[in-house]
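The structure displayed is predicted, hence computed values, not measured ones.
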Amino acid sequence: MSSQYHDPVLLQESVNGLGIKENGVYVDVTFGGGGHSREILKKLGPQGKLFAFDQDEDALANTVEDERFQLINQNFRFLKQYLKFYGIRKVDGILADFGVSSHQFDQANRGFSIRFNADLDMRMDQKGELSAYEVVNTYSQSDLSTVLFQYGELRNANSISKTIVESREMEPIKTTDQLKAVLKRFLPKMKENKILAQIYQAIRIEVNQEMEVLKELLLQVPELLEIGGRLSLISYHSLEDRLVKRFIRDGKFEGEAEKDFYGNINVPLKKVGGLIVPSAEEIAKNNRARSAKLRIAERI
């Protein structure tokens, strides 16, 4: 694996959080450059097994040659389905490092980064039908505004979406530079990068259905984890972290946690320790780690 593909964030903390058993079965649902997977394999014995998922075909080049390892080129929303195919119904731990890999950000043609001009794409799965182009050029003003407000947390989402719709009526917005030009009046010099990052984040989340996929993953966890099995999740923005925190606490995304006849909270997971964030040293080495938040939970 080239370290240039992706520097694994909170590597030791997230892997140690799994409390790995030598002969256990584990899943890394966001393989990427393979950093977390390689660290898990170091702690597994001869009978241990590690499954990894990644929907991006570029990640396949980083596969690990190890009999204990199986890389699956699929979105982790299909976790249970593919594990069942391999005869696995229960696992001892699940690790996820959400968000965009360094490789995806650094590949100009993928359209993830505000640094480069590229076609409006932003697909993590390059076979996916929905791209940033469709979101920007075909969504109604109302739907576009909802995306920008919910996923980018942009207070002026209505004005931005209105400007996009008016501009695309004259000609399609095909590239990231065109999008920046259309939105120039919303990008004051001192805040340009921050606001662009919010806009890109919103579009990217919509393209890849990131919130829906995260919910689908979490809902599968209680059934898949053995009692005492661990969940180790790294998120990068408040939308992801709120979902993770809420599910660990309440076992659901909305409403109050279920209670038994005696009023005791009945949830499938318990948190292990508190919130873990990268050290100043790690952030100095890898600036993309600055917003990472690690939460660990155990099946009860």
Side-chain angles (χ1 to χ4, degrees), residues 1 6-45 47-54 64 66 68-69 76 79-80 83 88 90-99 101-102 213-215 217-251 267-283 285-286 288-300:
M1 175 197 66
H6 184 67
D7 290 325
V9 175
L10 292 166
L11 177 62
Q12 297 301 329
E13 296 90 339
S14 59
V15 173
N16 289 342
L18 291 173
I20 291 175
K21 302 172 184 175
E22 279 197 1
N23 296 328
V25 179
Y26 293 87
V27 188
D28 175 359
V29 301
T30 50
F31 178 69
H36 290 101
S37 282
R38 284 174 169 79
E39 195 63 25
I40 292 170
L41 286 167
K42 287 180 187 177
K43 298 177 183 295
L44 285 178
Q47 303 305 313
K49 186 71 178 175
L50 174 63
F51 292 87
F53 285 71
D54 204 298
V64 183
D66 190 310
R68 302 168 298 168
F69 178 75
F76 57 70
L79 177 61
K80 180 181 169 183
L83 288 179
I88 304 296
K90 294 283 186 180
V91 301
D92 297 290
I94 298 170
L95 181 145
D97 178 5
F98 301 121
S101 72
S102 299
V213 169
L214 173 54
K215 287 180 180 179
L217 169 67
L218 291 171
L219 289 170
Q220 294 175 72
V221 165
E223 186 177 348
L224 285 171
L225 275 183
E226 295 276 12
I227 300 299
R230 292 283 188 88
L231 182 65
S232 186
L233 302 179
I234 303 169
S235 57
Y236 291 86
H237 55 75
S238 58
L239 300 173
E240 289 173 336
D241 186 55
R242 280 198 293 266
L243 280 181
V244 169
K245 181 181 178 180
R246 185 74 187 272
F247 191 79
I248 291 173
R249 186 187 69 198
D250 297 334
V267 293
L269 302 169
K270 68 174 181 180
K271 71 175 183 176
V272 176
L275 177 68
I276 300 171
V277 296
S279 65
E281 182 181 4
E282 179 171 6
I283 293 171
K285 290 179 181 177
N286 179 13
R288 287 173 180 157
R290 68 191 183 279
S291 58
K293 293 179 179 179
L294 168 63
R295 296 188 187 273
I296 299 165
E298 184 175 297
R299 181 74 170 92
I300 54 179

Worksheet item: If you measure only the distance, is there a donor-acceptor pair under 3.5 Å linking the side chains of Y236 and D241?
Response: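 Judged by distance alone, the side chains do not pair up.
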
When you compare the side chain of [Y] with that of [X], does any pair of heavy atoms fall below 4.5 Å?
X	Y	value
R249	K271	no
L269	V267	no
V25	F51	yes
I20	L44	yes

Item to complete: Check step by step if side chain to side chain contact (heavy atoms under 4.5 Å, CB included) holds for L95 and V27.
Response: CA-CA 6 Å; L95 181 145; V27 188; over 6 Å; no

Measuring from atom [atom1] of [X] to atom [atom2] of [Y], what distance do you get when rounded to the nearest 0.5 angstrom?
X	Y	atom1	atom2	value
F53	I94	CZ	CD1	9.5 Å
S235	K245	OG	NZ	11.0 Å
L79	L83	CG	CG	4.5 Å
H237	E240	NE2	CD	3.5 Å
L18	H36	CG	NE2	9.5 Å
Q47	K21	CD	NZ	15.5 Å

Exercise answer: donor-acceptor pairs, residues 218-233 side-chain atoms, under 3.5 Å, sequence neighbours excluded:
from, atom 1, to, atom 2, distance (Å)
Q220, OE1, K80, N, 2.8
Q220, NE2, R77, O, 3.0
Q220, NE2, E216, O, 3.1
E223, OE1, K80, NZ, 3.0
E223, OE2, K80, NZ, 3.0
R230, NE, E298, OE1, 2.8
R230, NH1, G17, O, 2.7
R230, NH2, E298, OE1, 3.4
S232, OG, S14, O, 2.8

Worksheet item: Around atom CD of E281, are there more than 12 heavy atoms of other residues, nucleotides or ligands at under 6.0 Å?
Response: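 No.
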
Worksheet entry | Over 12 foreign heavy atoms within 6.0 Å of NZ, K90 |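 Yes, NZ of K90 has more than 12 neighbouring heavy atoms, counting only those of other groups under 6.0 Å.
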
Worksheet item: Would I234 and K293 satisfy side chain to side chain contact (heavy atoms under 4.5 Å, CB included), going step by step from the backbone distance to the final call?
Response: CA-CA 5 Å; I234 303 169; K293 293 179 179 179; over 6 Å; no

Fill in: K42/E39 ion pair, N-O < 4.0 Å
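Salt bridge: yes.
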
Practice prompt. Indicate yes or no for a side-chain donor-acceptor contact from R299 to the backbone of P268 under 3.5 Å, with no hydrogens or angles considered.
Written response: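 Present.
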
Worksheet entry | Aromatic ring proximity, centroids under 6.0 angstrom, F76 and F31 |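 No, they do not, as the ring centres are separated by 6.0 Å or more.
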
Item to complete: Just jot down the side-chain contact (heavy atoms from CB on, under 4.5 Å) partners of E13, sequence neighbours excluded, or say none.
Response: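 In terms of side-chain contact (heavy atoms from CB on, under 4.5 Å), with neighbours along the sequence ignored, E13 is linked to L10, I276, L294.
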
Worksheet item: side-chain hydrogen bond (donor to acceptor under 3.5 Å, both in side chains): which pairs involve residues 22-34, sequence neighbours left out?
Response: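 The answer is D28-S37.
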
